[in-house]
Protein chains: 2
Amino acid sequence: MDRRQIKTRKAILRAFRALLEKKRYDHITVQEIIDGADVGRSTFYTHFETKDLLLDALCGDMFHHIFEDDPCPWVGRDDELEGKLAHILWHIRDSRSDLSGILLSDSSELFMTYFKAHLRGVFEEYIALFGEAVPRDFLLNHLTGSFAEAVLWWLREGMTLSPEAVAGYFMKITGKR
Amino acid sequence: MDRRQIKTRKAILRAFRALLEKKRYDHITVQEIIDGADVGRSTFYTHFETKDLLLDALCGDMFHHIFEDDPCPWVGRDDELEGKLAHILWHIRDSRSDLSGILLSDSSELFMTYFKAHLRGVFEEYIALFGEAVPRDFLLNHLTGSFAEAVLWWLREGMTLSPEAVAGYFMKITGKR
DNA sequence: ACGATACAGAACACTTTGTTCGTTTTTATT
DNA sequence: AATAAAAACGAACAAAGTGTTCTGTATCGT
């Protein structure tokens, strides 16, 4: 791939993210993005058909590496899920992509949708741990939703607690352990 | 208040809600709203300064009567909270304002924010029921968030379950009872 | 050094926004 | 029923944003 393409693509995404931390998604204009990225108008539209697709691309970039399956030392342990959750939190805190800024922005709901979609995959593996007192889909929905909320709470608190502590709280509150 | 004002205000809100069920909030234009409401352009702007304030007004209308404190037969009983939650669900299902359509729309995240804000008030009263194993704010956040998610799940399922059943599931899943 | 291609920048037709203002209709009151 | 006040209409407006097309220039991979 051409270096120029990569450079401008990154510049656009960076400018977009900077704007997202300042104002709401639907108040951001293409003009502001290309001004921030210092990129021509036509160039923007060759890279991204619409602003919505730009958002998709940003979410892809941000969440992909967090949910990559990397070597996991918790496999087989009885706190395997808790370990994985802590791992996700750890990634968010130390991520170069500065996820926390985006998740705390006025457009956070937008990103929560993507976040939950990824989380669902994680919890699907461990659904059996939580019994069968309620419908499977209800439970899955509950776990992903409430973990995402917990993460947001943690970010709002300034991430003073350790990832392990938050994961522990979450497991406790959902009745496991 | 002038009848005309009430009439046009209602017409605008109705048109807005009809549009929200079809397309996303930030894709809706003022032009579409006033066409749907059959109202002059200047009239719209005398009623609502911006589209965001129109949204605020809509949320106010929709959620207000649900969280009104009306005669509550569960006071003092040990399933008082469960009763109140069922009551809320009952309201949503039978509401004339057709909340379900809005909460299932592409802009549902927007309304969830308002919904949660109101729910927080409900849970604040009963926070003591859930122990002190985790920080109060964490817990409050968890309860409001996950109940809102449960409601959304219920709506998506077509409200086949009874309000009492959903409230029961929720209490079970949060560890109470 | 070469052709290919990505970019800049300007111009464009078009849509949307929010405001203004004179006119017409409806309302509450007498 | 007559009247003054209030509200809605509708046209026109500048300003801003959208998405496309074009030409010339700079940069890339080979």
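Chain letters run A, B, ... following the sequence lines, proteins first, then strands; residues in each count from 1.
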Practice task
Taking only Lys NZ, Arg NE, NH1 and NH2, and the carboxylate oxygens of Asp or Glu, determine whether A:Asp52 and B:Arg24 approach each other closer than 4.0 Å.
Solution key: yes
Completion exercise
Whole-Å distance, A:Lys23 NZ to D:dG17 P, equals 8 Å
Fill in the blank from the handout: Taken to the nearest whole Å, CD/A:Gln5 to P/D:dG29 is 10 Å
Exercise for the section: Using atom OH of A:Tyr45 as one end and atom C1' of D:dG17 as the other, report the distance to the nearest whole Å. Expected result: 8 Å
Problem - A:Glu32/A:Lys22 ion pair, N-O < 4.0 Å - result: no
Practice task
Indicate yes or no: does B:Asp137 engage B:Arg120 in a salt bridge with an N to O separation below 4.0 Å.
Solution key: yes
Practice task
Remember a base hit wins even if backbone is also touched, and classify A:Arg3 as base, sugar-phosphate or nothing at under 4.0 Å, heavy atoms.
Solution key: sugar-phosphate
Exercise for the section: Starting from P on D:dG10, measure out to CD1 on B:Ile34 and report it in whole angstrom. Expected result: 10 Å
Problem - Rounded distance (Å) that lies between atom P of C:dA6 and atom NZ of A:Lys10 - result: 18 Å
Practice task
With heavy atoms under 4.0 Å as the rule, sort B:Thr50 into base, sugar-phosphate or nothing.
Solution key: nothing
Practice task
Classify the side-chain pair B:Thr113/A:Glu109 by whether it contains a donor and acceptor separated by less than 3.5 Å.
Solution key: yes
Handout entry: Value in whole Å for how far the C1' atom of D:dA7 lies from CZ of B:Phe44
Key = 17 Å
Practice task
Identify the residue among B:Leu110, B:Leu20, B:Leu155 that makes a side chain to side chain contact (heavy atoms under 4.5 Å, CB included) with B:Ile102.
Solution key: B:Leu20
Practice task
Pick base, sugar-phosphate or nothing for A:His47, based on heavy-atom distances below 4.0 Å to the nucleic acid.
Solution key: sugar-phosphate
Problem - Gap between atoms CD and P, on B:Gln31 and D:dG17 respectively (whole Å) - result: 19 Å
Completion exercise
Which of C:dA11, C:dA8, D:dC9 is nearest the side chain of B:Thr43? It is D:dC9
Exercise for the section: Would you indicate which nucleotide in D:dA8, C:dG18, D:dT18 comes nearest to any side-chain atom of B:Val30? Expected result: C:dG18
Handout entry: N or O in side chain of B:Ser42 less than 4.0 angstrom from D:dC9 OP1/OP2
Key = no
Completion exercise
When B:Arg4 and B:Thr29 are each assigned the nearest nucleotide of DNA chain C, the 5'-most assignment goes to B:Thr29
Problem - Donor-acceptor pair present, A:Arg41 side chain and C:dG9 base, under 3.5 Å - result: no
Practice task
Please tell me which of B:Asp2 and B:Glu32 maps to the more 5' nucleotide of DNA chain C, matching each residue to the nucleotide holding its nearest heavy atom.
Solution key: B:Glu32
Handout entry: Separation of C:dT15 C1' from B:Asp35 CG (nearest whole Å)
Key = 13 Å
